[in-house]
Amino acid sequence: MPDPSAVKAALTTQRIETPSWAYGNSGTRFKVFAQAGVPRDPWEKLADAAKVHEFTGVAPTVALHIPWDKVEDYGKLAEFAREHGVALGAINSNTFQDDDYKLGSICHPDAAVRRKAIGHLLECVDIMDATGSTDLKLWFADGTNYPGQDDIRERQDRLAEGLAEVYQRLGDGQRMLLEYKFFEPAFYATDVPDWGTAYAHCLKLGEKAQVVVDTGHHAPGTNIEFIVATLLREGKLGGFDFNSRFYADDDLMVGAADPFQLFRIMYEVVRGGGFGPDVAFMLDQCHNIEAKIPAIIRSVMNVQEATAKALLVDREALVAAQRSGDVLDANAVIMDAYNTDVRPLLASLREEQGLDPDPIGAYRRSGWGQKIVAERVGGQQAGWGA
């Protein structure tokens, strides 16, 4: 079993980005449930995100979603973030909520609509320049609902052309992260439905284009860790959108439905050399019925716990069992690490870093939740824009 001190040392390097939209109101197709104290603008979202970092110590960046987080001066927003101990992270585009995008955005049959979508993506790169962000994260709702609705191959040509234009706009140190989703809202043929399609486009674009794996964007039974291992092997894993699912894209707290899957994914990250700055660990979740900030803190802790267990896998024993063909021993090595209670190790690590060993308890004792309920009265609460 690896030395716990080495595991702690590795964990001190982990960074988990939180999403601005997770602090706002969200819900289902049927209802968005408002909560008291929810942020009313990007500034208040950053203030909440700063609290998550304050109590976890591993969430120093916040992803923005444009236009949900649009402001007049992004330099001032970045400075506000720095003053609160965090920084602005990935810039997420939105080409799925305008009426013009009913038949698609970057893949739309109308060149004028495609031009509008590409213009928005270029605007997002401008925002990256202003905020110092390095990652442009793209997810497209583009697709068709019926056979014959549009030409599948032509849509791929349009996608490639649009991505290439945006790719050329990227500056030094910036990259494009392409996400995939196998269905919804397009139900017949989604234009970026799987990791293979995303990988093919990124491979053609170049080194600055990489794939994002959203852990909720797969059909039941999909071996996500195989995808992770393959993308790492090819140098094309750019990051994760961590969440959890029971049925489809549920966007529940990461590790809530299948913590063993999260552990298996993180083992492949550790095994494949992805535990570092080149692979972005991001949350992408909607907290519909639970309190926002504690849920995000819990999610960060879940990723930490899965990572700690992955780091505890006895690689020497595992390799020996694999090479000798001992199926039971090999599986036992994996299960021994997974069944280890890493909470004391993480509590000890937090104390060594000057943090409270119980981040959620510390947050509740801080009074921040009561403070924002009292102060954030009036105005329009932030939401996911539906």
Side-chain angles (χ1 to χ4, degrees), residues 16-22 26 28 61-65 68 89-97 105 135-143 159 163 175-187 190-202 209-232 236-259 261-266 268-269 274 278-288 295-296 299-300 302-303 306-307 384-385:
I16 302 167
E17 185 162 296
T18 69
S20 67
W21 54 96
S26 59
T28 68
T61 57
V62 187
L64 299 185
H65 209 297
W68 300 345
I91 303 300
N92 292 253
S93 62
N94 184 320
T95 57
F96 52 85
Q97 287 191 314
S105 61
D135 293 345
L136 171 67
K137 191 145 70 67
L138 307 178
W139 172 74
F140 299 106
D142 292 39
L159 175 64
L163 289 176
R175 61 181 182 167
M176 172 188 292
L177 303 182
L178 182 58
E179 190 175 348
Y180 58 90
K181 185 177 183 181
F182 77 110
F183 86 106
E184 192 189 40
F187 294 107
T190 300
D191 291 314
V192 190
D194 51 44
W195 71 275
T197 305
Y199 172 73
H201 282 283
C202 288
Q210 294 179 301
V211 180
V212 169
V213 175
D214 185 305
T215 52
H217 285 190
H218 302 85
T222 299
N223 189 320
I224 300 175
E225 55 267 34
F226 174 84
I227 298 170
V228 169
T230 302
L231 289 173
L232 277 170
K236 281 295 182 182
L237 179 64
F240 289 96
D241 273 359
F242 280 127
N243 55 65
S244 198
R245 57 172 290 281
F246 287 104
Y247 298 103
D249 186 22
D250 303 341
D251 272 351
L252 300 173
M253 291 187 300
V254 60
D258 190 349
Q261 180 190 66
L262 180 60
F263 158 76
R264 299 194 310 265
I265 291 169
M266 290 310 303
E268 292 302 333
V269 170
D278 293 336
V279 177
F281 298 143
M282 299 176 279
L283 303 181
D284 180 14
Q285 303 175 174
C286 292
H287 304 291
N288 302 335
I296 297 171
S299 296
V300 170
N302 287 349
V303 175
T307 305
W384 59 280

Visitor: At their closest point, which heavy atom of Val62 faces which heavy atom of Ser20, and how far apart are they?
Guide: CG1-N, 4.0 Å
Visitor: Tell me the closest heavy-atom pair linking Glu17 and Thr61, and the distance in Å.
Guide: OE1-OG1, 2.8 Å
Visitor: Let me confirm one number: the CG-CE distance from Asn302 to Met266, rounded to the nearest 0.5 Å.
Guide: 12.5 Å
Visitor: Write down the atom of Asp135, the atom of Ala280, and the distance for their closest heavy-atom approach.
Guide: OD2-CB, 4.2 Å
Visitor: Testing the basics here: between Gly143 and Asp191, what is the closest heavy-atom pair and its distance to 0.1 Å?
Guide: N-OD2, 3.1 Å
Visitor: With a 4.5 Å limit on heavy-atom distance, are the side chains of Phe246 and Leu252 in contact?
Guide: yes
Visitor: Testing Val212, Val228, Ile224 one by one against Phe240 for a side-chain contact (heavy atoms from CB on, under 4.5 Å), which residue passes?
Guide: Val228
Visitor: With side chains defined as the heavy atoms from C-beta onward, is the minimum distance between Leu159 and Phe140 less than 4.5 Å?
Guide: yes
Visitor: When rounded to the nearest 0.5 angstrom, what distance separates NE2 in His217 from CZ in Arg245?
Guide: 10.5 Å
Visitor: Have a look at Gln285 and tell me which of Ser244, Ser299, Ser26 forms a side chain to side chain donor-acceptor pair (under 3.5 Å) with it.
Guide: Ser299
Visitor: Would you call the rings of His65 and Trp68 parallel, tilted or perpendicular, where under 30° means parallel and over 60° means perpendicular?
Guide: parallel
Visitor: So, the side chain of Asp194 versus the backbone of Gly196: is there a donor-acceptor pair under 3.5 Å, distance only?
Guide: yes
Visitor: Supply the atom-to-atom distance Glu184 CD to Asp249 CG, rounded to the nearest 0.5 angstrom.
Guide: 6.0 Å
Visitor: For a side chain to side chain contact (heavy atoms under 4.5 Å, CB included) check, start with the C-alpha distance between Glu268 and Leu237, then their side-chain angles and the critical distance, and finish with the verdict.
Guide: CA-CA 12 Å; Glu268 292 302 333; Leu237 179 64; over 6 Å; no
Visitor: Evaluate the criterion side chain to side chain contact (heavy atoms under 4.5 Å, CB included) for residue pair Thr197 and Tyr180; output intermediate values, then yes/no.
Guide: CA-CA 8 Å; Thr197 305; Tyr180 58 90; over 6 Å; no
Visitor: Quick one: do Phe96 and Trp139 satisfy side chain to side chain contact (heavy atoms under 4.5 Å, CB included)? Show the steps, please.
Guide: CA-CA 9 Å; Phe96 52 85; Trp139 172 74; 3.6 Å; yes
Visitor: If you take all heavy atoms of Glu179 and Val192, which pair is closest and at what distance?
Guide: O-CG1, 3.5 Å
Visitor: Check whether Thr215 reaches the backbone of Asn243 with its side chain - one donor and one acceptor, N or O, closer than 3.5 Å.
Guide: yes
Visitor: Please name the pair of heavy atoms, one in Ala63 and one in Asn92, separated by the smallest distance, quoted to 0.1 Å.
Guide: CB-ND2, 3.7 Å
Visitor: So do Phe182 and Thr190 actually touch side chain to side chain, heavy atoms under 4.5 Å?
Guide: no
Visitor: Taking C-beta and beyond as the side chain, do Leu138 and Thr95 meet within less than 4.5 Å on heavy atoms?
Guide: no
Visitor: Is there a donor-acceptor pair under 3.5 Å between the side chain of Asp250 and the backbone N or O of Ala248?
Guide: yes
Visitor: Evaluate the side chain to side chain contact (heavy atoms under 4.5 Å, CB included) criterion for residues Leu231 and Gln210: first the C-alpha distance (whole Å), next the side-chain angles of each, then the deciding distance (0.1 Å), finally the verdict.
Guide: CA-CA 9 Å; Leu231 289 173; Gln210 294 179 301; over 6 Å; no
Visitor: Mind checking the CD-CG spacing from Gln261 to Asn223? Nearest 0.5 Å is all I need.
Guide: 8.5 Å
Visitor: Whether the side chain of Lys236 engages the backbone of Ala209 through a donor-acceptor N/O pair (distance < 3.5 Å, no angle test) should be reported.
Guide: yes
Visitor: May I ask you to test the Trp21-Asp284 pair for a side-chain heavy-atom distance under 4.5 Å?
Guide: yes
Visitor: Which class fits the ring pair Phe242 and Phe281: parallel under 30°, tilted 30 to 60°, perpendicular over 60°?
Guide: tilted
Visitor: Quick check: are there more than 12 heavy atoms from other residues, nucleotides or ligands sitting under 6.0 Å from CZ of Phe226?
Guide: no
